[in-house]
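Note sheet for the following structure.
Values below: all heavy atoms of this structure, side chains included; hydrogens, waters and symmetry mates excluded.
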Amino acid sequence: MIPVGLRVDVDTLRGTRVGVPNLLRCLERHDIRATFFFSVGPDNMGRHLWRLARPGFLAKMLRTGAPSLYGWDILLRGTLWPGPVIGKACPEPMRMAARSEHEVGLHAWDHHHWQTHVSRMDEAAVTRDTQRGVEMLAEITGKAPACAAAPAWRTTPVALKAREKFGFRFAADCRGHVPFRPVVAGEDLLHVQIPTTLPTYDELIGHACSRQGYNAFLLEMIRPDQCNVLTIHAEAEGIACLDLFEDFLEKARHRGIVFSALGDFLPKTENPPRFEIIQGLVQGREGWLARQAPGKEE
């Protein structure tokens, strides 16, 4: 048996309305419990279009076939007028995930704003942003979110410390290789980070493999001698790539791969390994990400 933590990021209104119900039905068929991270505030993801001026982002959009993958309603949302507040416009899929006993966490209040501005946000701004998200998600599901994940794997020492006060069971803010306790300026934080360890669909397609070869390529990366945490997106695997994802789950089952929520990957010890979080790059993705520092644990 090879355990894999399954994380579902939900970034947009369309991902919430269409992708989440699709994925809930799919996961129920395969008897899989996952962790859903919801963006609940305004959907302004279309404002990323200005990044087309960056060669790296333009290349990614072309490589992944973004219009057919995500849909124009996602790519243009919030460009000419303020985007809708997702939690008010479409709360039911969030309730469905909670009722189905999936782990439910906060992704963001405003995904686009966090992704583009977190490096300049002070503690008060991070606290305000997180508080709004926590309150809305708690109102929708009936209980406070158990965990949180920074949009686009972007976080800072300020953001890490500011979110400590919310008492999340764990956070999933970075890329890395094993669950760990983050160290900021020599200080141990209280929460545990469960990093994404495997590449995402948009990082591999047209770069490391074709769509037809994606499942085989990803399955070969899942090994019993490492921590395996996979992130999928409601906007991709929940809609345009749903059939591909169903096929992936079926092939994974035949290989003895067992999926579960991220909370199952929390260290059993009270003294998990300690690592710093640094900024770095990931092949196939434009811009910086937060990464678990390499090397030996502290």
Side-chain angles (χ1 to χ4, degrees), residues 7-17 19-20 34-48 74 77-78 82-99 102-174 182 189-194 196 231 233-235 238 261-263 289-290:
R7 158 181 169 169
V8 183
D9 283 5
V10 190
D11 300 345
T12 65
L13 178 61
R14 185 168 185 246
T16 307
R17 178 176 288 153
V20 170
T35 302
F36 283 76
F37 289 110
F38 287 103
S39 301
V40 296
D43 180 359
N44 294 316
M45 291 296 280
R47 296 180 185 178
H48 280 302
I74 288 178
R77 185 78 67 183
V85 174
I86 301 170
K88 291 182 178 179
C90 193
E92 187 56 27
M94 303 180 197
R95 295 192 188 105
M96 291 168 58
R99 286 198 300 265
H102 292 286
E103 206 165 46
V104 172
L106 175 67
H107 202 26
W109 168 252
D110 182 334
H111 190 292
H112 172 267
H113 184 270
W114 181 287
Q115 185 174 349
T116 55
H117 296 290
V118 67
S119 60
R120 299 187 295 275
M121 291 169 68
D122 60 17
E123 183 176 351
V126 172
T127 300
R128 183 169 57 250
D129 182 283
T130 305
Q131 186 68 48
R132 296 177 79 179
V134 165
E135 288 177 355
M136 177 161 286
L137 197 51
E139 181 181 345
I140 291 168
T141 65
K143 60 181 180 180
C147 45
W153 298 279
R154 289 191 171 188
T155 191
T156 65
V158 170
L160 287 166
K161 296 185 74 171
R163 282 192 162 190
E164 284 267 276
K165 65 175 66 73
F166 292 93
F168 296 123
R169 185 173 175 227
F170 66 88
D173 298 325
C174 66
L189 299 189
L190 297 176
H191 74 273
V192 171
Q193 286 281 336
I194 302 181
T196 292
T231 295
H233 286 83
E235 294 75 16
L262 299 196
L289 288 77

Discussion item. Between Glu92 and Arg95, does any side-chain N to carboxylate O distance fall below 4.0 Å?
Written reply: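 Looking at Arg95 together with Glu92, the answer is yes, because their closest N to O distance falls below 4.0 Å.
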
Worksheet item: Salt bridge check: are Arg169 and Glu103 linked by an N-O gap of less than 4.0 Å?
Response: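 Result for this pair is yes, salt bridge flagged.
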
For the pair [X] (side chain) and [Y] (backbone), establish whether a donor and an acceptor sit closer than 3.5 Å, ignoring hydrogens and angles.
X	Y	answer
Asp43	Ile86	no
Glu235	Val10	no
Lys161	Val158	no
Asn44	Gly83	yes
His107	Ala149	yes
Arg17	Thr12	no
Asp173	Trp153	no

Fill in: Donor on one side chain, acceptor on other, Thr231 and Thr196, under 3.5 Å
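The criterion, which ignores hydrogens and geometry beyond distance, is satisfied for Thr196 and Thr231.
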
Fill in: Side-chain donor-acceptor contact under 3.5 Å, Gln115 with His113
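No - no donor-acceptor pair under 3.5 Å links their side chains.
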
Discussion item. Testing Thr130, Asp129, Val134 one by one against Trp109 for a side-chain contact (heavy atoms from CB on, under 4.5 Å), which residue passes?
Written reply: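 Running side-chain contact (heavy atoms from CB on, under 4.5 Å) over Thr130, Asp129, Val134 with Trp109 returns exactly one hit, Asp129.
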
Taking atom [atom1] of [X] and atom [atom2] of [Y], what is their separation to the nearest 0.5 Å?
X	Y	atom1	atom2	value
Arg120	Thr156	CZ	OG1	11.5 Å
Asp11	Thr16	CG	OG1	8.5 Å
Ser39	Met94	OG	CE	8.0 Å
His111	Thr116	NE2	OG1	10.5 Å

Discussion item. Ring of Trp114, cation from Arg163 - is the NZ or CZ under 6.0 Å from the centre and inside 45° of the axis?
Written reply: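 Checked: cation-pi criterion met.
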
Practice prompt. Take His102 and Phe36 through the test ring-ring contact (aromatic ring centres under 6.0 Å, His included) and record every step on the way to the result.
Written response: CA-CA 7 Å; His102 292 286; Phe36 283 76; 5.2 Å; yes

Worksheet item: Which pair of non-hydrogen atoms, one from Ile140 and one from Pro91, has the smallest distance, and what is that distance?
Response: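 What the structure gives for the nearest pair is CG2-O, 3.5 Å.
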
